[in-house]
Protein chains: 2
Amino acid sequence: MSKKEKGTEYKIKEAARKVFLEKGFTATKTRDIAEEADINLALLNYYFRSKKKLFDIIMTETLQSFFSGVISMFNDERTTLKEKVSLFANHYIDLLSENQNIAPFLINTVRENPDEYIAKIGILDKAKESFFVKQFMEGITKGDIPPINPLHFMVNLIGLVVFPFIAQPMISAISSIPEDQFLNTLQERKRLIPLWMESMLSVK
Amino acid sequence: MSKKEKGTEYKIKEAARKVFLEKGFTATKTRDIAEEADINLALLNYYFRSKKKLFDIIMTETLQSFFSGVISMFNDERTTLKEKVSLFANHYIDLLSENQNIAPFLINTVRENPDEYIAKIGILDKAKESFFVKQFMEGITKGDIPPINPLHFMVNLIGLVVFPFIAQPMISAISSIPEDQFLNTLQERKRLIPLWMESMLSVK
DNA sequence: AATTTATTTAATCATATGATTAAATAAATT
DNA sequence: AATTTATTTAATCATATGATTAAATAAATT
């Protein structure tokens, strides 16, 4: 994955990735990308035809890299619910720490244009039919888990992991905790989130 | 608060509120606001001088209406931690249900321009000096609460309440649960979040 | 009623922005 | 080497966009 992998075309794509992830589709100007890639603006259209086509490539790759992990993880029949929670927290706290723009980028892009992306994501992951949800429902039947909507459990898990990355600037503003210190503290959550999720399962 | 309260100026402001909350500053075109308010574009600049000045009014009012609740709530010396959590969940689930754009609007606006708004919010609420955090630290001293960073507790509470509203389109996409059904389910969280927060306090 | 001030409109500007074109250059193929 | 194909550049377009201006109209004040 070296920067010279494919010359100009690759350089434009990586510049687009950077700028789109930072600003989103609308706020990104093709000239921003051209400048970031250090190329003439016309090259962008030569290689990718249009801003939208270039964006779609980035969006598809980002969705892919984000969801590929969770799909195999949540459909693994060899791990327990508890283990899945821990794997999920560890994997995504690492992923989102590495690129802090991924979470807001994906959420805001889907939010701006739900119809376009709901279909695309729907194919990737039918949460309802996942082995994870199957395990959860079995837990309820056995009496290990209180009979709450599994949606709450999913939302809580995703929220505990992802929300701090989305709200970081706002939380820094209201708590006056600087960004780097905040991000360090988030690492503790790899250990804490599985324990919290476990403890929540005693609530009915 | 009738729509005719102040004539044209008020009409423009309410149109601006609607469009800005939906799309944010950059993606909003002054012509969108003019059309929504059913006025000539020049009137917007006549009454408010510029797009930015109009935006700042809306942003300030929205910050105000969002944070005024939490400030008095978290500094109330007559309520327990537990009660504060319940009041917070009830108040904000109602507020965010009424206008589903508030949460993403505020978070994304601060995110786009942290420096501009950190100061503005910092004045409003010094979380660290709140009675809430004082109560929390006392709980740790007494041994009622495990010695974790209160930041986690705040992030978890805010996240459990706010995250579903931000991620709704994305969660609808991956769980194929329609928006209205999702929002209904969120009402259950007024009851559940205080119980979850309570149960998390047994984790160390 | 005459004058002043506030409101509204239509026309127009200057710049931003995504995209295209024609020409030049470089690389690959015959 | 000649020809074809791929890449790059500079110039230019068409439309979008925030803002201003001058003139017209309405409302308030004297």
Side-chain angles (χ1 to χ4, degrees), chain A residues 2-62 101 105 108-109 112-113 115-117, chain B residues 2-62 101 105 108-109 112-113 115-117:
Chain A
S2 99
K3 274 272 155 80
K4 356 181 174 155
E5 195 176 293
K6 253 218 131 189
T8 307
E9 185 171 348
Y10 182 77
K11 207 168 64 173
I12 295 171
K13 203 169 110 179
E14 291 316 298
R17 192 189 312 281
K18 180 164 180 241
V19 182
F20 278 138
L21 267 282
E22 251 168 44
K23 304 190 179 187
F25 180 75
T26 312
T28 294
K29 307 308 166 196
T30 50
R31 282 164 177 82
D32 299 340
I33 298 173
E35 196 187 354
E36 176 71 34
D38 199 29
I39 50 122
N40 187 292
L41 173 60
L43 281 178
L44 188 153
N45 290 289
Y46 171 74
Y47 283 108
F48 297 97
R49 296 300 299 155
S50 76
K51 181 189 176 188
K52 184 61 166 60
K53 284 201 170 65
L54 177 52
F55 180 81
D56 286 342
I57 291 170
I58 302 301
M59 178 61 178
T60 302
E61 289 187 7
T62 308
N101 293 317
F105 171 78
N108 287 327
T109 302
E112 273 169 36
N113 215 331
D115 297 332
E116 181 170 356
Y117 297 105
Chain B
S2 100
K3 274 272 154 84
K4 349 178 175 158
E5 195 175 295
K6 255 217 130 193
T8 307
E9 186 171 349
Y10 181 77
K11 207 167 65 173
I12 295 171
K13 205 170 107 178
E14 291 316 298
R17 191 189 313 282
K18 183 168 179 234
V19 180
F20 279 138
L21 268 281
E22 251 168 45
K23 305 190 177 184
F25 179 75
T26 312
T28 294
K29 306 308 166 197
T30 51
R31 282 163 177 84
D32 298 340
I33 298 173
E35 195 187 356
E36 176 71 33
D38 199 28
I39 50 124
N40 186 290
L41 173 60
L43 280 178
L44 189 154
N45 290 288
Y46 171 72
Y47 282 108
F48 297 97
R49 296 301 298 158
S50 75
K51 180 189 176 188
K52 184 60 164 61
K53 284 201 170 67
L54 177 53
F55 180 81
D56 286 341
I57 291 170
I58 302 301
M59 178 61 177
T60 303
E61 289 186 6
T62 308
N101 293 316
F105 171 78
N108 286 325
T109 302
E112 273 169 38
N113 214 332
D115 298 331
E116 183 171 358
Y117 297 105

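First the proteins, then the strands, lettered A, B, ... as listed; each starts at 1.
- Just one residue in the list A:E61, A:E22, A:E36 forms a side chain to side chain donor-acceptor pair (under 3.5 Å) with A:R17, and that residue is A:E61.
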Base-contact (B) and sugar-phosphate-only (S) positions in nucleotides 5-19 of chain D, heavy-atom cut-off under 4.0 Å, - elsewhere: -SBBBB------BBB

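- As the counterpart of D:dT21, C:dA10 is assigned, both hydrogen-bonding distances of the Watson-Crick or G-U wobble pattern falling under 3.5 Å.
- A salt bridge links A:E116 with A:K52: at least one charged nitrogen is closer than 4.0 Å to a carboxylate oxygen.
- Pairing partner, D:dT5: C:dA26, with both Watson-Crick or wobble hydrogen-bond distances short of 3.5 Å.
- When side chains are defined from C-beta on, B:F20 counts as touching B:L54, because their heavy atoms get closer than 4.5 Å.
- Side-chain N or O atoms of A:K51 include one that pairs as donor or acceptor with a backbone N or O of A:F25 at under 3.5 Å.
- For the pair B:N45 and B:T30, the minimum side-chain heavy-atom distance is 4.5 Å or more.
- When both pairing distances are held under 3.5 Å, D:dT15 makes a Watson-Crick or G-U pair with C:dA16.
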